[in-house]
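Chain naming here is simple, since letters A, B, ... match the order of the sequence lines and numbering starts at 1 in each.
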Amino acid sequence: MPELPEVEIVCRGLNDAFVGHRLTKVIRRFAQLRWPIPDDLEASILGVSAGAGPRNEGGSEAGSEAGGRADGRAGGEAGTEVRTEVHGEVRTEVRSDAGVLRSVQRRSKYLLLGFDTGTLLIHLGMSGTLRRLTAAEPTRAHDHVDFVFGEQVLRFNDPRRFGAILWYGDSEGPGGSHHLLRRLGVEPFSEAFSGRLLFDATRGRSASIKQVLLSGAVVVGVGNIYASESLFRAGIRPTSAAGRISKPRYERLAASIRQTLTDAIAAGGSTLRDFVASTGQSGYFQLQCFVYGRGGEPCRVCATPIRAIRQQQRATFFCPSCQKA
DNA sequence: ATTCTGACCTGATTGC
DNA sequence: TGCAATCAGGTCAGAA
């Protein structure tokens, strides 16, 4: 599963390949992910009310060979009927650029695809991938959804179905207020993230520091691998009570988290199982881990055998010599 | 309020 | 070779 660096790589890939292009169709082959994929997703994105009539359904693909260039007058293009509700007043207008993907952003491990009508939330869960393919590419097992952008397709595949595809319409407020995003901690690369924040947020907490990092309530994007790696670089035992770690050590931890994530992004995201970039390329080399997955092997710094334990049913790795309680 | 457990799923790997 | 048990990068909902 993608941790933050992988999601960041996918986010950049989506920006390069799809922003400015127009979504023409959503093909939903299997709807049951962590939550059901809305059945009116295509209509929501395109701004067409769900009951707008079956005549519109099939034949509206006429202008899709234009390859994403929208400046031409598009002679025969009828445009798409868009209905917006403003203060209870329903307006109908014809918009030829309905469905154009305006932006792709990452918040924690959520991908936020911005359309004029609202925000598409995508989470890759543990095993989700997004690939960029041509529309003719045959589907494989667990290819649940296609987002068709003319000739190219963004295809969502997720064997374990822990991922999510949700819609957050503009009428529901800005996407950032979605309940899944509202309680998230700060971004690790934001100004707000610091050793002081970690220190202040953990006073009185008896939970282990690794548990606090994984919870995402203070800082987001530190998954199971990078929690172990960051704590190693900071010289802190994963089992230490978060409330008993000093401010200087938290300063070091904040820097370690940033550095670990930066290194992983630079490496193209660590490739463990089935991560594939949105371009469909795989074969990124894996970030060289100091401790993760190296139980029993010698520490790369001091040669002491790395210890493997379990915390909250998750694998944790640390060097008993380099990392102090 | 904080902390912990179970649940959601399939697939790869391990051990008998 | 086959089959069962175990594990996997996330995170939500609910119980203790």
Side-chain angles (χ1 to χ4, degrees), chain A residues 1-10 29-37 106-111 121-130 140-145 156-166 178-185 188 201-231 238-244 257 260-261 263-265 267-277 282 284-296 308-317:
Chain A
M1 154 334 310
E3 295 208 31
L4 181 139
E6 285 82 354
V7 180
E8 179 63 25
I9 299 292
V10 172
R29 301 188 186 80
F30 189 87
Q32 194 56 52
L33 302 180
R34 172 179 265 281
W35 298 284
I37 302 171
R106 179 190 59 72
R107 173 72 176 108
S108 185
K109 294 169 190 167
Y110 293 90
L111 291 162
L121 276 69
I122 300 180
H123 198 294
L124 299 176
M126 298 255 274
S127 57
T129 57
L130 286 167
R140 307 183 206 164
H142 312 299
D143 280 342
H144 302 316
V145 180
F156 178 86
N157 179 291
D158 185 9
R160 288 181 73 181
R161 301 187 209 153
F162 285 2
I165 295 178
L166 297 170
H178 191 280
H179 74 277
L180 289 172
L181 307 178
R182 205 176 310 155
R183 291 187 189 161
L184 293 174
T202 53
R203 292 311 86 194
R205 297 286 301 272
S206 63
S208 71
I209 180 58
K210 191 208 173 197
Q211 196 181 334
V212 169
L213 291 179
L214 278 183
S215 80
V218 183
V219 59
V220 298
V222 184
N224 202 41
I225 295 177
Y226 299 130
S228 281
E229 292 300 304
S230 300
L231 286 164
T239 49
S240 297
R244 305 192 56 173
I257 288 170
T260 301
L261 296 175
D263 289 353
I265 291 168
S270 64
T271 310
L272 284 177
R273 284 260 151 71
D274 46 11
F275 168 69
V276 180
S282 59
Y284 288 118
F285 67 90
Q286 182 184 335
L287 180 69
Q288 176 107 326
C289 288
F290 283 103
V291 291
Y292 188 86
R294 300 192 63 244
I309 62 172
R310 292 188 81 77
Q311 292 177 283
Q312 281 72 49
Q313 318 180 81
R314 309 296 303 277
T316 297
F317 301 86

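In this structure, A:Phe162 forms no aromatic stack with the base of B:dC9, since the conditions of centre separation below 5.5 Å and plane angle below 30° are not both met.
Between A:Thr316 and A:Gln311, the side chains place a donor N or O and an acceptor N or O closer than 3.5 Å (distance only, hydrogens not considered).
In this structure, A:His144 and A:Phe156 have tilted ring planes: the angle between them lies in the 30° to 60° band.
Sequence order on DNA chain C of the closest nucleotides to A:Arg160 and A:Leu184 puts A:Arg160 first from the 5' end. Where A:Gln312 and A:Ala141 meet DNA chain B, the nucleotide closest to each residue was compared, and A:Gln312 sits on the side nearer the 5' end. The residue among A:Gln313 and A:Ala207 whose nearest nucleotide of DNA chain B lies closer to the 5′ end is A:Ala207.
C:dC7 is paired with B:dG11 under the Watson-Crick or G-U wobble criterion, all donor-acceptor distances under 3.5 Å.
Using a 4.5 Å cut-off on side-chain heavy atoms (C-beta onward), A:Tyr110 and A:His178 make no contact. Using a 4.5 Å heavy-atom threshold, the side chains of A:Asp158 and A:Leu124 count as separate. For the pair A:Phe317/A:Cys289, no side-chain contact is recorded, criterion being any heavy-atom separation below 4.5 Å from C-beta on.
In this structure, of C:dC12, C:dG10, B:dC9, it is B:dC9 that holds the atom nearest to the side chain of A:Arg161. Between B:dG11, C:dC12, C:dG10, one nucleotide has an atom nearer to the side chain of A:Leu180 than all others, and that is C:dC12. If you check C:dG10, B:dG11, C:dC7 against the side chain of A:His123, the one that comes closest is C:dG10. Closest to the A:Gln211 side chain, of the nucleotides C:dA8, B:dC4, C:dG10, is B:dC4. Checked against C:dG10, C:dC7, B:dT3, the side chain of A:Ser206 finds its nearest nucleotide in B:dT3. Comparing C:dG10, B:dT10, C:dA8 by their nearest atom to the side chain of A:Pro159 picks out B:dT10.
OP1 or OP2 of B:dT3 has at least one side-chain nitrogen or oxygen of A:Arg205 nearer than 4.0 Å. The side chain of A:His142 contributes an N or O atom lying less than 4.0 Å from OP1 or OP2 of B:dG11. A:Arg314 has no side-chain polar atom (N or O) that falls below the 4.0 Å cut-off from OP1 or OP2 of C:dC7. Put simply, A:Arg310 has a side-chain N or O that comes within less than 4.0 Å of OP1 or OP2 on C:dA8. Within the structure, a side-chain polar atom (N or O) of A:Tyr110 is placed less than 4.0 Å from OP1 or OP2 of C:dC12.
Between the CZ atom of A:Arg34 and the P atom of B:dA7 there is a distance of 14 Å, rounded to whole Å. What separates CD1 of A:Ile225 from C1' of C:dG10 is a distance of 12 Å, to the nearest Å. Rounding to whole angstrom units, CD of residue A:Gln311 and C1' of B:dC4 are separated by 13 Å. Atom CG in A:Leu33 sits about 14 Å away from atom C1' in C:dG10, given to the nearest Å.
Rounding to the nearest 0.5 angstrom, the gap separating the CD1 atom in A:Ile122 from the CD1 atom in A:Ile37 is 9.5 Å.
Rounded to a whole angstrom, the distance from the P atom of B:dC9 to that of C:dG14 is 16 Å.
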